[in-house]
Protein chains: 2
Amino acid sequence: MHDKSSSNLCPAPLVFAMIGGKWKLSILQILIFDGTKRFGELRKAIPEITQTMLTKQLRDLERDGLVERVVYAEVPPKVEYSATEDGVGLMPVFKEMHTWWEARKSWSKAP
Amino acid sequence: MHDKSSSNLCPAPLVFAMIGGKWKLSILQILIFDGTKRFGELRKAIPEITQTMLTKQLRDLERDGLVERVVYAEVPPKVEYSATEDGVGLMPVFKEMHTWWEARKSWSKAP
DNA sequence: ATACTTAAGTATCAAAACGATACTAATGGA
DNA sequence: TCCATTAGTATCGTTTTGATACTTAAGTAT
């Protein structure tokens, strides 16, 4: 199934271009685990990000098919973002990251 | 085990600071799956990276305990890099990324 | 002796990404 | 008429990253 050579894994540069932006994983994590969010809700959920960057990263994610954007014809504006099926497929990656982080915490405290 | 809220996953910003650099996952992938490499071998394995950046990202990874650096007192210099136990712990994350990438490829071609 | 080679860097400067702040548009309500 | 609201865009300064050249130290060839 998996073999031990890195060359038989996915082409890292391609994947990292898709999910490797400074804020992309944060955005995806929220949309994948918490579901649809409005622009302003994402902003509140990631307080460190600037509006400009949030817009840009969302556009990138949309272009790459990981996030879907729905605009409502209302005033004031209402725009909802959600993870696509493809985006939700990243859930196991996040779970493994979580597992790694937890394991790390416990044995990094050991003498 | 895992719950469905993003707030119960790892603090994304911390993890992404460690492994989210532009080249860090590429470097880690090689060291994790292929084992120890010399500086020059990494450079050849990731042709797009500049020498300056490779040095910097390796120093970051070393500082964060994911990569180990061994200098041999030889001329010309010989420096070997390898993933630490902690770094190798990321292997399942890479494997899930690979699974995702493969799944994506197959059904993105479907009509 | 002098010059050349090699590997792993550093130094320097230009380009790109990112951050802070201010501004815009459209509508309903005071 | 003016204000509040939401999701942006515009502008400009700072920080990261990229391209290129230089450094260091010992062995090897001349």
Side-chain angles (χ1 to χ4, degrees), chain A residues 11-31 34-64 66-84, chain B residues 12-31 34-64 66-83:
Chain A
L14 295 182
V15 179
F16 307 156
M18 290 186 71
I19 65 175
K22 181 158 181 190
W23 301 102
K24 286 183 188 171
L25 288 178
S26 292
I27 295 167
L28 284 169
Q29 190 183 49
I30 292 167
L31 296 180
D34 296 348
T36 300
K37 293 279 181 205
R38 294 183 60 172
F39 185 84
E41 292 177 310
L42 283 172
R43 220 152 91 75
K44 265 172 267 168
I46 315 172
E48 315 84 36
I49 200 174
T50 62
Q51 216 166 351
T52 318
M53 265 301 106
L54 181 52
T55 300
K56 187 188 176 304
Q57 304 270 296
L58 283 168
R59 290 293 188 289
D60 288 354
L61 290 168
E62 194 193 355
R63 168 177 46 73
D64 292 335
L66 298 177
V67 161
E68 192 185 13
R69 178 171 179 263
V70 177
V71 183
Y72 294 85
E74 298 177 9
V75 169
K78 175 177 173 183
V79 181
E80 285 187 343
Y81 292 92
S82 44
T84 61
Chain B
L14 295 181
V15 180
F16 307 156
M18 289 186 73
I19 65 175
K22 182 159 182 191
W23 302 101
K24 287 183 187 170
L25 289 178
S26 292
I27 295 167
L28 284 169
Q29 190 184 50
I30 291 167
L31 296 180
D34 295 350
T36 300
K37 295 277 180 207
R38 293 182 61 171
F39 185 84
E41 292 176 312
L42 283 172
R43 220 151 91 75
K44 265 172 267 169
I46 315 174
E48 315 82 37
I49 199 173
T50 62
Q51 213 165 356
T52 319
M53 264 301 105
L54 180 53
T55 300
K56 187 189 176 301
Q57 304 270 298
L58 283 168
R59 291 281 141 64
D60 288 354
L61 290 168
E62 194 192 357
R63 169 179 44 74
D64 291 334
L66 299 177
V67 161
E68 193 185 12
R69 177 171 180 266
V70 178
V71 183
Y72 294 85
E74 298 177 11
V75 170
K78 175 177 174 183
V79 181
E80 285 187 343
Y81 293 92
S82 43

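Chain letters run A, B, ... following the sequence lines, proteins first, then strands; residues in each count from 1.
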Decide yes or no for B/Val67 and B/Asp60: does some side-chain heavy atom of the first lie under 4.5 Å from some side-chain heavy atom of the second? no
Within the 4.5 Å heavy-atom criterion, are B/Arg59 and B/Glu62 side-chain neighbours or not? yes
Closest heavy-atom pair and its distance - A/Thr84, A/Glu68: CG2-N, 3.9 Å
A/Asp60 atom CG is separated from C/dA16 atom C1', nearest whole Å, by 14 Å
Reading 5' to 3' through nucleotides 17-24 of chain C, protein heavy-atom contacts under 4.0 Å coded B for base, S for sugar-phosphate only, - for none: -SSBB---
B/Ile19 and B/Leu25 have their tightest heavy-atom pair at O-CG, 3.4 Å
Just by protein heavy atoms under 4.0 Å, how would nucleotides 23-30 of chain D read 5' to 3' in B, S and -? --BB----
Would you check, one step at a time, whether the test side chain to side chain contact (heavy atoms under 4.5 Å, CB included) holds for B/Phe16 with A/Lys22? CA-CA 8 Å; B/Phe16 307 156; A/Lys22 181 158 181 190; over 6 Å; no
Give one of base, sugar-phosphate or nothing for A/Arg43, where a contact means two heavy atoms less than 4.0 Å apart. nothing
Separation of D/dG18 atom P from B/Leu54 atom CG, nearest Å, is 11 Å
Could you state the atom-to-atom distance from NZ of B/Lys24 to P of D/dT16 in whole Å? 11 Å
Given axes from five pairs at either end, by how many degrees does the helix from C/dA1-D/dT30 to C/dA30-D/dT1 bend, rounded to 10°? 30°
Any base atoms under 4.0 Å from B/Tyr81, or only sugar-phosphate, or nothing? Heavy atoms, all strands. sugar-phosphate
Between atom CD of B/Gln57 and atom CD1 of B/Ile46, what is the distance when rounded to the nearest 0.5 Å? 9.5 Å
Which atoms form the tightest heavy-atom contact between B/Arg38 and B/Glu80, and what is the distance? CG-CG, 4.0 Å
Would you say D/dG8 has OP1 or OP2 under 4.0 Å from some side-chain N or O of A/Arg69? yes
Please report the closest heavy-atom contact between B/Lys24 and B/Met18, naming both atoms and the distance. CD-O, 3.2 Å
What is the distance, rounded to the nearest whole Å, between atom OH of A/Tyr72 and atom P of D/dA7? 12 Å
Taking the side chain as every heavy atom from C-beta outward, state whether B/Tyr81 and B/Glu41 have any pair of such atoms under 4.5 Å apart. no
The side chain to side chain contact (heavy atoms under 4.5 Å, CB included) partner of A/Trp23 among A/Leu42, A/Ile49, A/Leu28, A/Leu61 is A/Ile49
For the residue pair B/Ala83 and B/Leu31, what are the closest heavy atoms and their distance? N-CB, 3.9 Å
